[in-house]
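By convention here, the first residue in the shown sequence is residue 1.
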Amino acid sequence: MASSVLISNFTQEWVESLRRWQLQLFFIPTLVITLIAFLASPVLLVCICLSRALRQETRHLLVANTLVADLLFLTLNLAMVICNALNAETPLLVCELITALTVTSYCSAILTVTLMVVDTYAAVRWPLHYRDLLPPARTHRILIGVWLLAAVYPVTLLIIMEINREKPHETVTMCLVIISLGFLQVNNMVGIYIYFLVAAVICATLILYCYVRLYMVTKSQGIWQSRFSRARVTLLAHGVLLLLYFVPGFVFTLELSLFQRTDISQDVLVWVSTVNMCVFMLLPRALSPYLYGVRYREISHTLMQLLHRDTQRSRNTVP
């Protein structure tokens, strides 16, 4: 484990790079994108939770789980950005806990969007047996398993960091996931970047396989003939969204591989990390609730019903 002095020196150099390039200004797009996401995600989540019909559909439960993971990630990320912009000292234990929760929420979202593609494939491939394969009770157990799987590795890292901590009440001037995980990876205690890369490759391969099989199964049905068919538009929208989810993960893996390399300027790492954390990782979480609201007609219909009901109730209470 890197000594506290080494971590402190590295963090100070990171802060100096941020100030030199005025990268604190990236707080503005972070705040804007986060607010855009918070305008829609909680609304869709409440809509799904209040509707019994939506809660009985596997695809809607997967959407709800993605929204929960995204909201948790956005909250933690915004908290880190605000604390770092204010140069607020953070207890090391709190920083490590935020790191573990951030990685858990990000991994949970990636696993869930992968399951959404698998769910679509299962619904098209076995339409008569789909409801028997994925009833709501089984979906609930799968989602619990997703969170447990996403949390196992970060919690293990948290325990390792706690065991190897030199001082019980250390504080850091900047809390960043890349710094917390980077020092563990540098000391070869665990293959962190290998873990992220392998997990991303497995999920991406599974998604690609499902989409290829979906195309092969449905190409004879004529739904792909029109240039602006619903199938093409849906595939394009989801392809862009999945790309936005996965690319920041690959970029983060690249950051870990570049961490503390002497032939790479630290300014480059600071720039890449800041843009990735403040923009790229947030874009899919801002776009996904709007895409889900448009694509899933049941969600948009239920939302309009709830809004209409509230409007009627407001009118009836006005004297």
Side-chain angles (χ1 to χ4, degrees), residues 1-31 33-34 73 76-103 106 153-154 157-158 160-161 164-167 170-197 200 246-283:
M1 184 71 171
S3 66
S4 58
V5 175
L6 181 59
I7 296 176
S8 178
N9 292 339
F10 188 89
T11 304
Q12 185 60 38
E13 293 174 2
W14 193 286
V15 172
E16 292 174 359
S17 295
L18 284 174
R19 292 175 178 173
R20 183 166 57 252
W21 293 100
Q22 297 295 314
L23 296 182
Q24 298 94 330
L25 295 177
F26 273 96
F27 170 76
I28 298 175
T30 299
L31 182 60
I33 297 174
T34 302
F73 180 88
L76 295 171
N77 184 75
L78 183 62
M80 280 194 295
V81 171
I82 292 176
C83 291
N84 294 337
L86 296 176
N87 295 322
E89 289 194 353
T90 306
L92 188 56
L93 176 59
V94 174
C95 182
E96 291 170 351
L97 182 59
I98 291 176
T99 297
L101 290 175
T102 301
V103 175
Y106 189 91
Y153 193 70
L157 293 180
L158 178 62
I160 292 175
M161 287 187 284
N164 291 275
R165 186 192 300 182
E166 297 177 350
K167 299 178 182 179
E170 285 184 275
T171 60
V172 290
T173 56
M174 176 163 288
C175 180
L176 289 173
V177 176
I178 181 63
I179 294 179
S180 299
L181 298 184
F183 275 102
L184 283 175
Q185 180 257 324
V186 163
N187 288 271
N188 295 317
M189 296 185 66
V190 284
I192 297 176
Y193 71 95
I194 295 178
Y195 164 80
F196 285 113
L197 183 61
F246 276 89
V247 167
F250 283 109
V251 173
F252 183 78
T253 304
L254 176 63
E255 294 175 40
L256 286 173
S257 65
L258 297 178
F259 192 80
Q260 281 197 341
R261 280 185 53 175
T262 56
D263 58 332
I264 301 294
S265 172
Q266 190 183 45
D267 288 343
V268 174
L269 182 59
V270 172
W271 263 98
V272 173
S273 178
T274 303
V275 175
N276 194 39
M277 181 182 68
C278 295
V279 180
F280 292 157
M281 286 190 174
L282 308 185
L283 286 178

> Are side-chain heavy atoms of Thr173 and Asn87 found at a separation under 4.5 Å?
no
> Shortest non-hydrogen contact from Leu97 to Leu158?
N-CD1, 4.0 Å
> Decide disulfide (SG to SG under 2.5 Å) for Cys83 and Cys175; before the verdict, give the C-alpha distance in whole Å, the side-chain angles of both, and the deciding distance to 0.1 Å.
CA-CA 8 Å; Cys83 291; Cys175 180; over 6 Å; no
> When rounded to the nearest 0.5 angstrom, what is the spacing between CZ in Arg20 and CD in Glu13?
9.5 Å
> Heavy atoms only: give me the nearest Cys95-Ser180 pair and the separation to one decimal.
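Residues Cys95 and Ser180, closest heavy atoms: SG-OG, 3.8 Å.
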> Tell me which pairs pass salt bridge (charged side-chain N to carboxylate O under 4.0 Å, His left out) where either residue lies in residues 268-281, with sequence neighbours left out.
none
> More than 12 heavy atoms of other residues, nucleotides or ligands under 6.0 Å from CZ of Phe250: is that the case?
yes
> Tell me, with the steps shown, if Thr90 and Met80 meet side chain to side chain contact (heavy atoms under 4.5 Å, CB included).
CA-CA 10 Å; Thr90 306; Met80 280 194 295; over 6 Å; no
> Between OH of Tyr106 and CG of Leu76, what distance do you get to the nearest 0.5 Å?
14.5 Å
> Quick check: does any side chain N or O of Tyr153 sit under 3.5 Å from a backbone N or O of Val103, one acting as donor and the other as acceptor?
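No: the side chain of Tyr153 does not pair with the backbone of Val103.
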> Does the side chain of Met277 come within less than 4.5 Å of Ile178's, by heavy atoms?
no
> Is the shortest side-chain heavy-atom distance between Leu282 and Asn77 below 4.5 Å?
yes
> Side chains of Trp14 and Asn84: does their closest heavy-atom pair fall under 4.5 Å?
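When only atoms from C-beta onward are counted, Asn84 and Trp14 do not touch, as no gap falls below 4.5 Å.
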> Starting at OG1 of Thr30, measure out to CD1 of Ile82 and round the result to the nearest 0.5 Å.
9.5 Å
> When you compare the side chain of Phe252 with that of Leu181, does any pair of heavy atoms fall below 4.5 Å?
yes
> Sort and list the pairs that fulfil side chain to side chain donor-acceptor pair (under 3.5 Å) and have at least one residue in residues 268-283, not counting sequence neighbours.
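The answer is Glu255-Ser273, Glu255-Asn276.
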> Does Thr171 have any side chain to side chain contact (heavy atoms under 4.5 Å, CB included) partners at least two apart in sequence or in another chain, and if so, which?
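If we apply the side chain to side chain contact (heavy atoms under 4.5 Å, CB included) test to Thr171, skipping adjacent residues, the hits are Glu89.
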> Could you check whether any side-chain N or O of Ser17 sits under 3.5 Å from a backbone N or O of Asp267, counting only pairs where one atom can act as donor and the other as acceptor?
no
